[in-house]
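For reference, the structure is listed below as structure tokens.
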Amino acid sequence: MSQPAAAGASDGQPEASAARTTKEETPASGGKEKPASTIPPLLLPLAARRALASLSEDVSRSRRSRRPEEGRQGRHGRQKRSKRVVTVDSSKAKTSSEALKMCIQQLKWKEFPTGRRLLCDIYWHGVSFHDGEVSCSGQVNKYPGMTELVRKINFSRAVRTMQELFPEEYKFYPRSWILPEEYQNFADQVRVSKENDSSWKPTFIVKPDGGSQGDGIYLIKDSTDVRMLANLRSKPVVVQEYISKPLLIDKLKFDIRLYVLLKSLDPLEIYIAKDGLSRFCTEPYQEPNSKNFHRVFMHLTNYSLNVHSGNFIHSDSVNTGSKRTFSSIVAKLSMRGCDVKKMWSDIITLVIRAIIALVPELKVYHQTYIPPGKPGPTCFQILGFDILLMKNVKPVLLEVNANPSMRIEHEQEISPGLFEYVASPVDEEIKVAIIRDTLRLVDPALKKAQLQQSISAEYSAENEKEEVIEAEAQDRTDNPSNKEQNLAPHCLKQVFPKYSRQFGYLLIVDRIAVLFIRFLGIKGTMKLGPTGFRTFIRTCKLSNSNLSMASVDILYIDIARRWNVIRGDRGESGMCFQAFMEAIFHLAQRRYKTPPLREQVEALVNFCEYQLETQEEKIALYGRGTVDRRPSLAMFQPEGSRSGTVNHMHLLNRVSTSSKLPASSLPTPVDQQLVNSMSSRVTDCSPAASFSPNGWDNLGCRFCRNNRQSCSVIGINDVRSQRVKLTQILHPSVTSYFM
Ligand code: ADP
């Protein structure tokens with residue numbers, strides 16, 4: 001596929017018309033003194049806005065110069081103490097600078113565009129965590145390792161792991177193969193699928209690893225495609241099933257760039273922007289055939305490619321042109337009679353599931369660069385999700401961008417050969433709101449309050465009713481705190497832990513990552529050595545007559561070596577996280593003979609966690625120091641098991657702590673009733689012991705299901721005596737107390 005030269009990261013549109021304004025730029029009303037930062041920036045050309053920015057900086061500087069006096073008065077209790085201004089180092093912000101500057105002004109925070117000798121509250125990096133010297137405190141807008149993890153091959157691997165465990169839940173990502181490594185697999189699977197269904201005429205899209213902006217992408221019909229085979233020698237690629245029936249608007253293919261904030265890893269906190277961008281192709285779509293394979297403007301939606309087409313429409317309106325707001329598409333689809341609520345719900349589900357696939361390895365990176373207990377910044381990150389809607393309006397995830405463009409201007413040729421950056425109204429409307437909301441969410445002053453708020457929101461109101469993912473992203477209810485600040489309503493909506501109940505059961509790989517990190521030993525490494533692996537096996541009591549320590553060593557060597565070859569790791573030896581995952585799968589299949597894999601893995605992880613807990617309790621009992629309770633060991637699992645059979649054994653066996661719980665965390669009468677009815681069904685510890693109002697079963701007997709005589713772990717009678725603990729499982733706030 002011939003491709004025009006890729007443009008810069010920006011994907012904007014022309015200057016705003018003078019009459020246009022946006023919600024978030026609504027000027028302050030009713031105040032005596034109108035702050036400079038509330039003048040609608042879109043009304044002004046870029047140069048004027050820059051001048052205004054420096055002017056408003058002067059104004060705020062002169063205001064701040066009055067502050068020490070106010071502060072002193074405050075200390076004597078006569079006047080309210082002035083709030084400390086949040087400081088932001090934007091020296092590494094690169095193309096996000098313009099949008100960031102606007103947001104800082106709107107929030108009346110203090111920007112340090114050339115850096116600061118003293119520490120800042122927030123460091124804004126344009127590309128990655130490693131952009132600048134890593135601060136020992138404050139917050140950074142990037143996670144270490146994210147850029148690596150969302151590369152095409154790594155991301156496909158992370159999703160593949162989840163697909164193996166939860167095939168139904170991870171269908172939103174097209175079937176993919178990593179070549180050359182999986183070439184045989186690819187060829188075989190395609191052949192078998194064709195044999196089974198002769199009407200299946202697939203197309204595949206070949207994407208080079210680490211590529212972006214459509215660079216090097218092409219379509220093929222068959223695994224024997226000559227171009228692909230020739231290219232394989234130079235660099236690895238991901239081959240993916242091509243979605244040949246996308247939803248079209250105005251006969252054009254388009255995709256969605258949705259912004260997602262990963263605010264915290266532990267506990268997991270995810271926000272989704274209520275609006276995003278829709279990027280259109282510039283040539284009417286036809287289903288792929290050998291005659292149109294090479295037509296980039298028909299098949300690829302990348303702005304950086306289509307902007308070079310003569311058909312590209314720069315529009316002042318967010319509803320027309322080759323780049324529009326996603327909300328304008330939603331409105332259009334709604335008019336067509338599409339169920340847009342369902343679509344939003346599917347999109348939110350897709351985002352949460354994709355993040356859950358990424359988080360385990362991200363935690364491995366995180367502990368390497370910011371070891372627990374050592375000084376270091378906290379991280380957050382805005383991710384760009386590229387989503388395609390199929391003809392039936394089902395969303396498909398194409399990729400996740402660690403560094404989505406936050407540029408709000410684009411290059412325009414004002415006369416032949418003369419280029420200038422002009423504001424792009426669509427980009428500005430979407431991106432400024434996202435950055436500003438992100439800043440508000442990570443505001444250090446609000447952190448404590450937000451924590452309490454999110455805990456109560458998650459555990460009180462939400463627990464009373466059945467959780468259903470609704471099209472909340474469209475909900476534009478005003479928040480009183482926004483009115484105070486005269487800013488537009490929050491555009492970022494929390495989706496996790498809000499919906500943790502529905503997704504908690506997917507966090508099994510997360511729990512494996514916690515085990516992996518625990519046995520890594522030396523901080524700062526990402527690979528498990530042979531001793532660490534042996535210790536893991538021993539501590540978790542996994543070796544037995546069927547698994548000798550000698551076979552454990554062979555398993556380690558075999559898997560670790562293979563993964564080092566696959567990843568081309570010539571440096572650090574040892575077992576990477578993906579290899580450890582493979583080892584866990586292997587051990588689980590070996591130990592628990594009956595599939596599905598997911599249940600085998602869950603049983604193994606439960607068993608390991610139980611062994612570790614028991615050991616910790618023993619240490620606590622014998623008074624050998626404090627127990628290091630790793631926070632994520634049981635993160636969110638209990639309440640998330642509606643559709644699965646997650647075993648809560650490890651929680652059952654914790655020491656009862658109900659007497660120490662705050663009143664709000666204690667089980668409600670409804671919980672109590674449920675537990676009473678359940679416990680009457682827990683008759684013994686055999687596999688028949690059904691315990692599943694929410695789909696849980698075999699509680700208390702998963703570990704010894706080959707031994708029907710008695711439960712080797714807690715004993716028959718113990719199962720009955722665990723009533724109080726059962727109520728704790730049912731009540732998430734109690735669970736959180738355990739963590
Ligand atoms: P890049 O990072 O180079 O932009 P993407 O994976 O986003 O790579 O793919 C580029 C474009 O190709 C997407 O914007 C989309 O229009 C198209 N595309 C990618 N994958 C598929 C697919 N599986 N089916 C249909 N179109 C796809």
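Indexing begins at 1, ligand by ligand and atom by atom, following the structure's order.
A side-chain N or O of Tyr173 and one of Ser156 form a donor-acceptor pair less than 3.5 Å apart. Of the N and O atoms on the side chains of Ser91 and Asp89, at least one donor lies less than 3.5 Å from an acceptor on the other residue.
The residues Arg324 and Asp250 are annotated as salt-bridged, a charged nitrogen and a carboxylate oxygen being separated by less than 4.0 angstrom. With respect to Asp209 and Lys152, no salt bridge is recorded, no charged nitrogen being found less than 4.0 Å from a carboxylate O.
Among Gln189, Glu182, Gln240, the single residue meeting the side chain to side chain donor-acceptor pair (under 3.5 Å) criterion with Trp177 is Gln189.
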Practice item. Please report the C-alpha distance between Tyr242 and His299 in whole Å, then the side-chain angles of each, then the deciding distance to 0.1 Å, and finally whether the side-chain hydrogen bond (donor to acceptor under 3.5 Å, both in side chains) criterion is met. Key: CA-CA 10 Å; Tyr242 186 74; His299 292 293; 2.8 Å; yes

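Near ligand 1, residues Lys152, Pro174, Ile205, Lys207, Gly211, Ser212, Gln213, Gly214, Asp215, Ile217, Gln240, Glu241, Tyr242, Ile243, Lys253, Asp255, His299, Leu300, Thr301, Asn302, Asp386, Leu388, Leu398, Glu399 come within 4.0 angstrom through at least one heavy atom.
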